[in-house]
Amino acid sequence: MEQSENIYSAPDPFGDDPMFEYPDYPEMDDKFVIPQHYERYSDDDHKVWQELFARQEEVLEHRGCKAYRDALAAMDLPHDAIPRFEDTTALLKERTNWEIVAVPGLIPNTAFFDHLANRRFPVTHWMRKREEMDYLEEPDVFHDFYGHVPLLMQPEFADYMQLYGKAGAKAMRMDALPNLSRLYWYTVEFGLIREEGQLRIYGAGILSSKKESIYSLESDVPNRVAFDIERIMRSDYRIDDVQDTYFVIDSFEQLLKETRDTDFAPIYERVVGTSTHAANARLDSDVVIPPNAA
Ligand code: HBI
Ligand code: FE
C-alpha cells in the first residue's frame with residue numbers, strides 16, 4: 001500500500017476506484033479480515049505491549065474517563081502480552097454485542113463502515129517496533145486495541161460507533177466523507193469528556209499516547225471547545241502533531257443523542273464545498289473550556 005501522510009488524512013485512501021489495489025494477504029476474506037495468528041508475535045512484540053501498557057496505566061489513572069477505566073479493568077487484559085482477540089470478543093458480545101476482527105491495517109472506507117455498522121471493530125494485528133514507541137503513521141494493535149476496544153463496553157458509545165458506520169454510505173453519496181471523518185477524528189480519536197468538573201480522555205488517539213494524554217488535558221496551548229457537530233464537520237485537523245483543538249462532550253448519552261437526533265444531510269448541504277476552519281481557529285461562537293490544573 002502506498003503510504004499516505006497519515007492513516008486518517010485521506011478521506012478515502014483507496015480512491016473511488018472499486019478496483020483499488022490492496023496487498024493480497026493469504027487467508028484474507030472479502031471484508032479484509034484475517035486470522036490474528038497469535039503464535040506469530042515475537043517475544044519483543046509482547047514486551048513492547050507490556051511497556052506501553054505499564055506506561056499508560058500510570059498516565060491514565062487520573063486522566064482516562066471513568067467508562068474507559070472501568071472497561072479496561074473489567075476486560076482484565078494481560079499486562080505482559082498482546083491480548084487474544086477472541087477472548088475479548090466473548091466478553092464484548094455479552095456486554096454490548098460487539099466483536100473484534102483482525103485486519104492487516106488500514107482498510108478501504110466502505111469495508112471500515114460496513115464493519116462498524118455491523119458492530120465489528122477492525123483491529124490491526126501487528127505491533128509497532130521499539131524504534132517507534134511514540135510515533136506511528138498507521139494504527140497498530142496497541143492503538144486499535146488499547147485505545148479503541150475498551151470503550152466498546154460502554155453502551156451509548158457502542159451505539160454511537162455503529163451509528164457512525166451506518167452514516168458512511170450517505171456521506172459518500174453526498175461527497176461529505178471529509179466532513180463525516182472529522183466527526184470521527186474529533187470524537188472517537190481525540191475526544192474529551194467532562195466528569196465532575198474535570199476534563200477526562202475518551203479518544204483513542206489520546207489514550208494510546210503518553211504525550212497527548214498529558215497535553216490534551218493540562219496544556220494552555222490547545223483550544224477546548226464544547227461539542228458541536230456542525231462546527232466539527234467544518235474544522236480541519238492536524239495529522240502531524242498533537243491537536244490544536246479538542247471538542248468536549250458532557251456524557252456519552254449526549255454524544256449518542258445529538259448524533260442520533262441530527263440529520264446530517266442539511267449540514268452536508270451547508271458545508272460541502274465551503275471553506276473550513278483552520279485546526280487552530282477560535283470562533284466567537286465557541287464555548288471555551290479551561291484545561292485541568294496541571
Ligand atoms: N481502517 N483499519 C482501519 N481503521 C480505521 O480507523 C480506518 C480504516 N479505514 C478508513 C478509515 N479509518 C477512515 O478513513 C474512515 O473513518 C473514513
Ligand atoms: Fe484509531
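Just so you know, ligand 1 is whichever comes first in the structure, and atom 1 is the first atom listed for that ligand. Worth saying up front: this structure is predicted, and the values here are computed from it rather than measured.
Between Ile107, Asn109, Leu106, it is Asn109 that holds the heavy atom closest to atom 15 (C) of ligand 1. Taking all heavy atoms of Gly205, Pro122, Gly105 into account, the minimum distance to atom 2 (N) of ligand 1 is reached by Gly105. With atom 5 (C) of ligand 1 as the reference point, the heavy atom nearest to it among Trp185, Tyr184, Phe112 is part of Phe112.
Checked against the 6.0 Å centroid threshold, Phe53 and Tyr146 count as a close aromatic pair. A ring-centre distance under 6.0 Å is not found for Tyr38 and Phe85. Aromatic rings from Phe247 and Phe190 are positioned such that their centres are separated by 6.0 Å or more.
Among the atoms of Ser181, none of the N or O lies under 3.5 angstrom from an N or O of ligand 1. Polar contact with ligand 1: absent for Leu177 (N/O pair, distance under 3.5 Å).
With rounding to the nearest 0.5 angstrom, the CZ atom of Phe157 is 12.0 Å from the CG atom of Leu163.
For His143, the N, O or S atom with the smallest separation from the Fe ion (ligand 2) is NE2.
Residue contacts to the Fe ion (ligand 2): Glu189 brings an N, O or S atom closer than 2.8 Å.
Shown in contact with Tyr164 at under 4.0 Å from a heavy atom are these atoms of ligand 1, numbered in order with element: 15 (C), 16 (O), 17 (C).
Counting all heavy atoms, side chain and backbone alike, Gly64 lies closest to Leu207 at CA-CD2, 4.3 Å.
Residues Tyr160 and Thr187 have side chains that bring a donor and an acceptor to within less than 3.5 angstrom of each other.
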